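The structure presented is a predicted model; accordingly, all values stated were derived computationally and were not measured. Throughout, a chain's letter reflects where its sequence line sits, starting with A, and its residues are numbered from 1.
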Amino acid sequence: MPEGPSLVILKEALAPFTGKKVTGVEGNTRVPLPAIKGKKITAIKTWGKELLICFPEFTIRVHFLLFGTYRINERKDMAPRLRLSFGKQEINFYTSAIRILYEPLNEIYDWSADVMSPDWSHRKAMAKLRNIPGTLVCDAILDQRIFAGAGNIIKNEVLFRIRVHPATPVGKLPARKRSQLVKDVVDYSFLFLEWKKAYVLKKHWLIHTKKICPRCNIPAHKAYLGKTNRRTFFCDNCQVFYD
DNA sequence: ATACATGTTGGAGC
DNA sequence: GGCTCCAACATGTA
């Protein structure tokens, strides 16, 4: 569920709820909720891995973390973290982090940092990377302030596609490679979206979870790299370590 | 069954 | 005060 493209799929699924009035609120979230009942959803948005359910005076932010799930007009066999009812319809969120935002979203979100946004700025991402020369590329791609929505799968696949070793420091990347990296995080995220919609995402993984490099046909590596210490799959032979 | 996985956070420690 | 690190969280799957 958690990477940005999956949130776009959810946003599209929830679009029909825009304009609908909440008739019931339940759930085991311990976050203090404002009066939601009787209010109408004004918009459904996303920023990176966050779902934003907008109301006139506040926004419900849902983050699915690692295990979060949802059901629309269905229920799981588990108490929901938050359930919003709309007459006979309902939206259920499980195992997710709920937060209420009172600030105007434009004041707290930089839409140009969201890889799935039409406002995405290649130039700003390049500038942010220039500021962190010592950071490893495997960590930089997971930095939500730079690539909001990119997750571990996108990280592994992009580095394999552009043939860059995950332990390369950002500052050692040739300028052209850095630009290619920024571009491919976005390009791959949109491929991810289309494949996920068609239920064929896994089938397209080139290196993520793989034991053999599909290009070299030799054993691939699995290691926990960077400050993020996340599972990283790569090929020593065809992914260049710049130093 | 035990470990691990598409992720973030808050508080301790420096 | 600010930065970094890591334990904590939580559920389905292999």
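Rounded to an integer number of Å, the gap from CG of A/Leu66 to C1' of C/dA8 is 13 Å. Between the C1' atom of B/dT6 and the NE2 atom of A/His204 lies a distance of 18 Å, rounded to the nearest Å. A/Asp143 places its CG atom 14 Å from the C1' atom of C/dT4, with the value rounded to the nearest Å. One can place CD1 of A/Ile153 at 4 Å from C1' of B/dT6, the figure rounded to the nearest angstrom. Summarising the geometry, the separation between CZ on A/Phe64 and P on B/dG7 is reported as 14 Å, rounded to the nearest angstrom. Distance A/Asn229 CG to B/dG7 P: 14 Å, rounded to the nearest Å. For the pair A/His63 NE2 and C/dC9 P, the computed distance is 18 Å after rounding to whole Å. Protein atom CG of A/Asp139 is 14 Å distant from nucleotide atom C1' of B/dG7, rounded to whole Å.
Within the structure, salt bridge (Lys or Arg N to Asp or Glu O under 4.0 Å) pairs that include any residue of residues 87-107 of chain A comprise A/Arg75-A/Glu90, A/Arg83-A/Glu90 (at least two apart or interchain).
Side-chain heavy-atom separations under 4.5 angstrom define the hydrophobic clusters, and the remaining members of the one that includes A/Leu105 are A/Trp47, A/Leu52, A/Leu101, A/Ile108, A/Tyr109, A/Trp111. Residue A/Tyr224 is found outside any hydrophobic cluster, as its side-chain heavy atoms come under 4.5 Å of no other Ile, Leu, Val, Met, Phe, Trp or Tyr.
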With 3.5 Å as the limit, what N/O pairs link the protein to nucleotides 11-14 of chain C?
unit_1	atom_1	unit_2	atom_2	d
C/dG12	OP1	A/Lys76	NZ	3.4

For nucleotides 12-14 of chain B, tabulate all protein N/O to nucleotide N/O atom pairs closer than 3.5 Å, reporting atom names and distance.
none

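Between A/Leu65 and A/His63, the shortest heavy-atom contact is N-ND1, 2.9 Å. A/Cys138 and A/Leu159 get closest at one heavy-atom pair: CA-CD1, 4.2 Å.
Checked against ring pair (Phe, Tyr, Trp, His ring centres under 6.0 Å), A/His204 has the following partners two or more places apart in sequence or in another chain: A/Trp195. With sequence neighbours left out, A/Trp205 forms a side chain to side chain donor-acceptor pair (under 3.5 Å) with no residue at all. Among residues two or more places apart in sequence or in another chain, the ring pair (Phe, Tyr, Trp, His ring centres under 6.0 Å) test is passed with A/Phe233 by A/His208. Qualifying ring pair (Phe, Tyr, Trp, His ring centres under 6.0 Å) partners for A/Tyr94, counting only residues two or more places apart in sequence or in other chains: none. By the ring pair (Phe, Tyr, Trp, His ring centres under 6.0 Å) test, A/Tyr242 pairs with no residue at all, sequence neighbours left out.
Checking C/dC5, B/dG7, B/dT6 against every side-chain atom of A/Lys196, the shortest atom distance belongs to B/dT6. Each of C/dC5, B/dG10, B/dT6 was ranked by its minimum atom distance to the side chain of A/Arg99; first place goes to B/dG10.
Checking the phosphate oxygens (OP1, OP2) of B/dG7, no side-chain nitrogen or oxygen of A/Gln144 falls inside 4.0 Å. Applying the 4.0 Å criterion to OP1 and OP2 of B/dT6, one finds that A/Lys49 has every side-chain N and O outside that range. Checking the phosphate oxygens (OP1, OP2) of B/dG7, a side-chain nitrogen or oxygen of A/Arg230 falls inside 4.0 Å. Between A/Tyr224 and B/dA5, a side-chain N or O to OP1/OP2 separation shorter than 4.0 Å is present.
At the heavy-atom level, A/Lys155 lies nowhere under 4.0 Å from the strands shown. The residue A/Arg61 sits close only to the backbone: its heavy atoms come under 4.0 Å of sugar-phosphate atoms, none of a base.
In this structure, the separation between CZ on A/Arg145 and NZ on A/Lys124 is 15.5 Å, given to the nearest 0.5 Å.
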List, one per line, each side-chain donor-acceptor pair under 3.5 Å for residues 30-40 of chain A, sequence neighbours excluded.
unit_1	atom_1	unit_2	atom_2	d
A/Lys39	NZ	A/Ala35	O	2.7

Which nucleotides of DNA chain C pair, in dot-bracket form (Watson-Crick or G-U under 3.5 Å, | meaning another strand): .||||||||.||||
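Position along DNA chain C of the nearest nucleotide to A/Leu65 versus A/Lys227 favours A/Lys227 as the more 5'-ward residue.
Atom P of B/dC4 sits at a distance of 15 Å from the matching atom of C/dA7, rounded to the whole Å.
In this model, no donor atom of one side chain and acceptor atom of the other lie less than 3.5 Å apart for A/Thr232 and A/His221.
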